[in-house]
A.B. asks: 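Got a structure for you, written out below as structure tokens; questions coming shortly.
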Amino acid sequence: MRTISRRSFTRKSAVISTGIALTPAALPWKKEQDKPGIPLGGPLFSSFNNPDDWIRRVRESGYTAAYCPLEPGAGADQIRAYRQAASKADIVIAEVGAWSNPISPDKNQREAAIDKCIKSLHLADEIGASCCVNISGSRNPKHWAGPHHDNLTDEVFEMVVETTRKIIDHVK
């Protein structure tokens with residue numbers, strides 16, 4: 001039996017995964033007859049006042065994907081208007097950022113972060129975003145995304161799992 005090193009396996013897997021990901025048929029939101037490629041998005045460095053203005057800014061930047069233009073707590077009518085504008089313009093709302101520390105050692109920060117994650121995931125669901133992004137967090141009391149020796153313990157792993165379940169179960 002031939003063995004393969006972890007590094008070699010990882011490298012080969014990455015190449016294969018990239019090849020699969022770049023094929024138009026692998027893109028679930030696109031049909032083969034649609035324009036080929038992967039939606040490209042990034043930050044907008046100009047402000048906008050409404051869905052049409054947002055779409056214009058996204059297109060001016062050369063993007064076919066964009067960060068969610070709204071914050072958690074936006075009204076249902078506003079969410080619907082931006083979702084419809086994106087759909088009509090063939091713009092993918094790629095992500096809602098929930099950047100926070102849901103496993104903070106500070107109870108108030110942890111609860112606020114979990115609340116932010118719940119609201120952000122709900123917004124992602126409502127606006128049709130492809131994902132809601134965050135990190136698992138850190139037990140570092142000074143840097144919300146910083147290293148800490150407790151981050152790699154079984155106890156913190158269980159905390160991350162339970163926190164994630166709590167967020168997902170709350171949003172359903």
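Sequential numbering from 1 along the given sequence is applied to the chain's residues.
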A.B. asks: Output all residues satisfying side chain to side chain contact (heavy atoms under 4.5 Å, CB included) with T164, sequence neighbours left out; order by chain, then residue number.
C.D. replies: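 Result, side chain to side chain contact (heavy atoms under 4.5 Å, CB included) vs T164: V160, I168.
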A.B. asks: Any heavy-atom pair between the side chains of E111 and I114 that's under 4.5 Å?
C.D. replies: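 They are not in side-chain contact.
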A.B. asks: Give me each pair satisfying ring-ring contact (aromatic ring centres under 6.0 Å, His included) with a member in residues 65-112, each pair once, sequence neighbours excluded.
C.D. replies: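 Qualifying pairs: W54-Y82.
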A.B. asks: Can you list everything that forms a salt bridge (Lys or Arg N to Asp or Glu O under 4.0 Å) with D115? Sequence neighbours excluded, please.
C.D. replies: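 Partners of D115 by the salt bridge (Lys or Arg N to Asp or Glu O under 4.0 Å) criterion, ordered by chain and then number, come out as K119.
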A.B. asks: For the residue pair P141 and D106, establish whether any side-chain heavy-atom pair is separated by less than 4.5 Å.
C.D. replies: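 No, their side chains stay 4.5 Å or more apart.
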A.B. asks: Side chain to side chain contact (heavy atoms under 4.5 Å, CB included) with E158: which residues, sequence neighbours excluded?
C.D. replies: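 With sequence neighbours excluded, E158 shows a side chain to side chain contact (heavy atoms under 4.5 Å, CB included) to no residue whatsoever.
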A.B. asks: With heavy-atom distances below 4.5 Å as the criterion, would you say the side chains of V58 and L44 are in contact?
C.D. replies: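 A side-chain contact exists here, since the closest heavy-atom pair is under 4.5 Å.
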A.B. asks: Can you list every ring-ring contact (aromatic ring centres under 6.0 Å, His included) pair that touches residues 140-165, not counting sequence neighbours?
C.D. replies: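 Those involving residues 140-165 do not exist here.
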A.B. asks: A74: what forms a side chain to side chain contact (heavy atoms under 4.5 Å, CB included) with it, not counting sequence neighbours?
C.D. replies: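 With sequence neighbours excluded, A74 shows a side chain to side chain contact (heavy atoms under 4.5 Å, CB included) to L70, Q78, I79, given in chain and number order.
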A.B. asks: Taking everything shown except E60 itself, do over 12 heavy atoms lie less than 6.0 Å from its CD?
C.D. replies: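 Above 12, so yes.
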A.B. asks: Looking at D154, I'd like to know if its CG atom is crowded, meaning that more than 12 non-hydrogen atoms belonging to other residues, nucleotides or ligands lie closer than 6.0 Å.
C.D. replies: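 Count not over threshold, so no.
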A.B. asks: Quick check on the hydrophobic clustering: are L123 and F48 connected, directly or via other members, by side-chain heavy-atom contacts under 4.5 Å?
C.D. replies: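 In one cluster: yes.
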